[in-house]
Amino acid sequence: MTTIAWDPTELTDWFAAEARPLPWRAPGVTGWGVLVSETMLQQTPVNRVAPIWQEWLERWPRPSDLAAATQAEVLRAWGKLGYPRRALRLHQAAAAIAADHGDVVPSDVDTLLALPGIGAYTARAVAAFAYGRRAPVVDTNVRRVVARAVHGAGDAGPPSTKRDLADVDALLPSDDASAARLSAALMELGQVVCTVRSPACERCPIAADCAWQHAGRPAYAGPPKKVQKFAGTDRQVRGKLLDVLRGAEGPVPRAALDAVWQDAGQRDRCLDSLLVDGLLEQTDDGRFALPGEH
DNA sequence: CACGCGTGGGA
DNA sequence: TTCCCAAGCGT
């Protein structure tokens with residue numbers, strides 16, 4: 001795509017008027033605040049993130065503050081947001097930012113990409129939303145909006161970072177501020193209007209220019225999406241094991257963990273993988289604890 | 001590139 | 001109830 005599919009001002013005007021007042025969008029939120037929000041929002045809904053984000057920014061207002069906390073404190077504060085490895089990586093990133101970047105979250109995409117837990121999406125989201133940089137921000141919502149509005153498809157096919165970035169890059173105006181606003185607007189549109197199940201096309205600011213509308217809103221025709229199981233998987237067992245540790249005051253005996261899952265083989269495998277991932281540690285007397293608290 | 005990685009809410 | 005999913009990342 002080499003041409004802009006619609007007038008970006010239709011979308012940015014809509015965003016200026018309709019954007020939800022999310023806490024990390026408030027005036028004065030730092031790059032650190034944005035990085036924390038983007039990390040928590042990876043695969044976790046806004047409603048569950050908001051209260052935890054508030055707690056984190058009050059408790060750890062700068063990267064160096066988080067870096068000074070123990071891993072156990074960080075994992076408890078993460079609570080049940082899910083995918084707790086994100087919390088450890090954010091902790092590591094905070095230490096690197098404090099040590100190597102003057103305690104200020106970098107604004108450059110490549111520098112951000114070098115930090116643990118920051119990938120193609122998060123690096124560009126921080127550059128655009130925190131620092132007003134021109135960066136193609138591609139998440140699942142933006143991919144869906146582009147698939148529909150630009151390509152006329154019912155939904156996005158399997159992700160391809162290179163192609164997806166190029167698609168969105170072609171839509172962005174050349175100047176930083178306008179591009180950053182459009183990036184935010186594209187995401188918001190996908191989240192609140194151009195949704196997976198029941199898109200509210202009657203409320204869409206770009207419906208008149210939408211290729212999917214013009215094509216008669218055809219159903220998604222790509223390969224079927226993979227649906228990941230949860231019940232009975234190692235992910236569920238790991239979650240149960242970690243939940244015991246989050247709720248404990250300190251190290252717990254193996255017997256306390258044996259109680260959460262019947263299948264001993266799977267239980268032990270998960271315990272091992274948690275140790276390998278650094279989400280658990282074993283004490284000298286054989287008990288288990290969150291890392292760094294004994 | 002496909003897969004594994006938590007959790008809880010809504011259809 | 002069961003299924004689908006919600007601002008991805010690292011391997």
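Basis for what follows: all heavy atoms, side chains included, without hydrogens, waters or symmetry-related copies. In the text below, chain A, chain B and the rest are named by the order of the sequence lines, each starting its count at 1. None of these values were measured; they are calculated from a predicted model.
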Salt-bridge criterion met for [X] and [Y] (N-O under 4.0 Å):
{"X": "A:Asp234", "Y": "A:Arg269", "value": "yes"}
{"X": "A:Arg287", "Y": "A:Glu281", "value": "no"}
{"X": "A:Arg25", "Y": "A:Glu188", "value": "yes"}

Can you tell me which nucleotide in [options] comes closest to the side chain of [X]?
{"X": "A:Asn141", "options": "C:dC4, C:dA6, B:dG6", "answer": "C:dA6"}
{"X": "A:Arg246", "options": "B:dT7, C:dA7, B:dG6", "answer": "B:dT7"}
{"X": "A:Gln43", "options": "C:dG8, B:dG8, C:dA7", "answer": "C:dG8"}
{"X": "A:Lys80", "options": "C:dG10, B:dG8, C:dA7", "answer": "B:dG8"}
{"X": "A:Thr122", "options": "B:dG6, C:dC9, C:dA7", "answer": "C:dC9"}
{"X": "A:Gln228", "options": "B:dA11, B:dC5, B:dG8", "answer": "B:dC5"}
{"X": "A:Tyr121", "options": "B:dC3, C:dA7, C:dA6", "answer": "C:dA7"}
{"X": "A:Phe230", "options": "B:dG6, C:dA7, C:dC4", "answer": "B:dG6"}

Sugar-phosphate only, base, or nothing, as touched by [X] at under 4.0 Å among non-hydrogen atoms:
{"X": "A:Val142", "value": "nothing"}
{"X": "A:Arg269", "value": "nothing"}
{"X": "A:Gln236", "value": "nothing"}
{"X": "A:Pro158", "value": "nothing"}
{"X": "A:Leu241", "value": "nothing"}
{"X": "A:Arg89", "value": "sugar-phosphate"}
{"X": "A:Leu242", "value": "nothing"}
{"X": "A:Asn47", "value": "nothing"}
{"X": "A:Thr140", "value": "sugar-phosphate"}
{"X": "A:Gly119", "value": "sugar-phosphate"}
{"X": "A:Lys226", "value": "sugar-phosphate"}
{"X": "A:Pro159", "value": "nothing"}

Considering only atom C1', compute the distance from C:dT11 to B:dT7 and round it to an integer number of Å.
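To the nearest whole Å, 23 Å.
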Distance check, P atoms only: C:dC9 and B:dG8, in whole angstrom units.
23 Å
Taking atom types as modelled, is there a side-chain donor on [X] or [Y] under 3.5 Å from an acceptor on the other?
{"X": "A:Arg20", "Y": "A:Gln191", "value": "yes"}
{"X": "A:Thr122", "Y": "A:Gln42", "value": "yes"}
{"X": "A:Ser273", "Y": "A:Arg238", "value": "yes"}

Taking atom [atom2] of [N] as reference, at what distance in whole Å does atom [atom1] of [X] sit?
{"X": "A:Lys229", "N": "B:dC5", "atom1": "NZ", "atom2": "P", "answer": "16 Å"}
{"X": "A:Leu112", "N": "C:dA7", "atom1": "CG", "atom2": "C1'", "answer": "16 Å"}
{"X": "A:Trp78", "N": "B:dG8", "atom1": "CH2", "atom2": "C1'", "answer": "15 Å"}

Which base, if any, makes a Watson-Crick or G-U wobble pair with C:dC4, both distances under 3.5 Å?
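Looking at the geometry, C:dC4 pairs with B:dG9.
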Quiz item: [X] side-chain donor-acceptor pair to [N] base, under 3.5 Å:
{"X": "A:Gln191", "N": "C:dA7", "value": "yes"}
{"X": "A:Arg235", "N": "B:dT7", "value": "no"}
{"X": "A:Thr44", "N": "B:dG6", "value": "yes"}

